[in-house]
There are 2 protein chains.
Amino acid sequence: MPERQSKEELTPRQQDVLERALELLVAGGEKALTTAGLARAANCSKESLYKWFGDRDGLLAAIIAHQASKVRGFTDTGATLSRDAFEMHLTGFAEDLLRVLSGEVSLALNRLAIGQASREGNRLGALLVAQGRRRIDQAATRLLEAGKRCGHIHYDDLDDAYRTLYGLIVRDLHVRMLLGEAGLFKPRSLEAQAEHAIQQFFALFGVREKETAGRV
Amino acid sequence: MPERQSKEELTPRQQDVLERALELLVAGGEKALTTAGLARAANCSKESLYKWFGDRDGLLAAIIAHQASKVRGFTDTGATLSRDAFEMHLTGFAEDLLRVLSGEVSLALNRLAIGQASREGNRLGALLVAQGRRRIDQAATRLLEAGKRCGHIHYDDLDDAYRTLYGLIVRDLHVRMLLGEAGLFKPRSLEAQAEHAIQQFFALFGVREKETAGRV
DNA sequence: AGAGAACCGTACCGTACGGTACGGAGAATT
DNA sequence: AATTCTCCGTACCGTACGGTACGGTTCTCT
């Protein structure tokens with residue numbers, strides 16, 4: 001049989017196991033993710049786990065990589081945009097961001113990575129931010145560049161503009177959700193928050209249509 | 001001998017032990033804080049630890065409460081403020097906030113609480129946010145009320161204004177520091193970040209003095 | 001059909017941790 | 001001086017977890 005997995009590709013069976021691992025992690029945190037427990041939940045043997053993922057840290061890394069591989073495909077736009085379309089895209093980005101960050105899987109993985117941050121290995125935090133965040137950052141960055149190119153917003157420092165956008169959208173919600181605070185989102189308030197944040201962003205970086213005066 | 005500690009007061013010896021516990025926690029995360037390890041580091045017996053704090057969770061709670069008891073005393077102002085003084089107070093608040101959040105002890109405790117967030121007990125997260133954050137929130141809230149009363153800023157929703165301020169100051173720094181990302185602050189950039197955030201906050205909530213249409 | 005690999009289920013081992021028990025030392029009280 | 005209290009240091013116990021080994025089963029390839 002030719003090598004089916006060149007380097008890091010996972011067989012469907014292995015992906016299935018990682019999926020069960022994610023469920024355990026979401027349900028009970030890192031403590032609930034034991035090799036014996038995962039083997040039982042996934043109907044596989046511990047021996048196979050160690051064969052596939054090396055050791056427990058390898059398993060954790062594989063979980064993060066696996067989840068990150070599913071997140072690809074944020075909105076990406078290169079064409080010219082009307083002002084309204086641009087604002088809608090921004091609002092959509094804000095909603096997506098809030099939805100992702102408040103998702104149980106995202107919260108569980110971030111808690112996992114944060115819990116490992118003290119150890120010197122610390123590959124998990126870097127992995128998570130690299131695999132998960134970079135895509136989001138790039139999508140937003142492209143969006144902001146398009147908005148500037150089309151004359152809807154102005155900024156001198158792209159990175160600063162993006163971080164401001166991020167801060168306006170997320171505020172302290174992420175950390176509070178990570179701490180386990182419940183009930184931070186009422187039914188429709190996620191969309192309202194996103195909309196509100198984008199309005200504030202335009203107040204800071206938007207160009208006045210017609211005269212184009214100000215910015216910070 | 002009369003009861004020296006009425007209810008929750010701690011003897012100097014016990015506070016000393018908690019201090020060593022904090023050191024262990026900062027140095028190596030939750031995993032490094034074992035009862036045996038703490039007993040050795042603090043030159044006390046495990047029996048005493050259990051006598052004083054009940055069990056390990058009680059110890060963790062005591063650590064958080066102990067640290068929170070030291071943080072009191074953010075700036076608090078009720079008098080009338082000039083515009084410049086108000087801005088300086090805000091900037092000072094922003095610097096303090098960034099300094100606290102980026103402190104090793106704060107990061108270690110937040111990591112600890114976040115790691116426990118999955119368990120249903122979850123007293124730690126609530127405790128941390130209640131003891132640590134409330135003071136900060138109140139100080140900032142008072143400051144914003146004073147600023148509105150003196151006519152320097154305007155807002156309809158105090159809570160929304162505060163959260164916007166928080167988001168502008170902290171952005172995604174807190175989570176990234178929690179994840180262990182290093183080198184997020186260059187030498188003087190903390191002050192610059194605080195200053196920048198306050199400028200943006202004034203752009204959003206400041207009242208135009210006379211006209212001053214200058215910035216957004 | 002037979003050989004071999006992959007894999008499951010279980011048992012097993014060593015370690016480390018939470019929590020308890022015990023002996024002994026120092027200090028205060030009587 | 002005898003008693004009592006607190007506390008330290010150590011030893012101890014049960015459990016749970018990471019990691020390994022092994023017999024039996026299913027599937028694939030020839």
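On a predicted model such as this, the values are computed, not experimentally measured, just so you know. Side chains included, hydrogens not; waters and symmetry mates left out as well; all remaining heavy atoms used.
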Spacing between Y50(B) atom OH and dC7(D) atom C1', to the nearest angstrom
17 Å

For Q15(B), look at atom CD and say whether over 12 heavy atoms of other residues, nucleotides or ligands are found less than 6.0 Å away.
yes

Please state how far atom NZ in K51(B) lies from atom C1' in dG9(D), giving the value in whole angstrom units.
16 Å

Flag the pair H196(B) / D160(A) as yes when at least one side-chain heavy-atom distance between them is below 4.5 Å, and no otherwise.
yes

Would you say dC7(C) has OP1 or OP2 under 4.0 Å from some side-chain N or O of W52(A)?
yes

Between residues 27-49 of chain A and DNA chain C, which residues have a heavy-atom gap below 4.0 Å?
N43(A), C44(A), S45(A), E47(A), S48(A)

Distance-minimising heavy-atom pair for A85(B) and L81(B)
CB-CD2, 4.1 Å

Using whole Å, what does the distance between atom C1' of nucleotide dT20(C) and atom CZ of R56(B) come to?
17 Å

Flag for E95(B)-Q193(B): side-chain donor and acceptor within less than 3.5 Å
no

When you look at E19(B) and H66(B), which way does the side-chain hydrogen bond (donor to acceptor under 3.5 Å, both in side chains) test go after all the steps?
CA-CA 9 Å; E19(B) 210 62 36; H66(B) 170 62; 2.8 Å; yes

Cut-off 3.5 Å, side chains only: do D137(A) and Y162(A) have a donor facing an acceptor?
yes

Would you say a side-chain N or O of R13(A) is under 4.0 Å from OP1 or OP2 of dC27(D)?
no

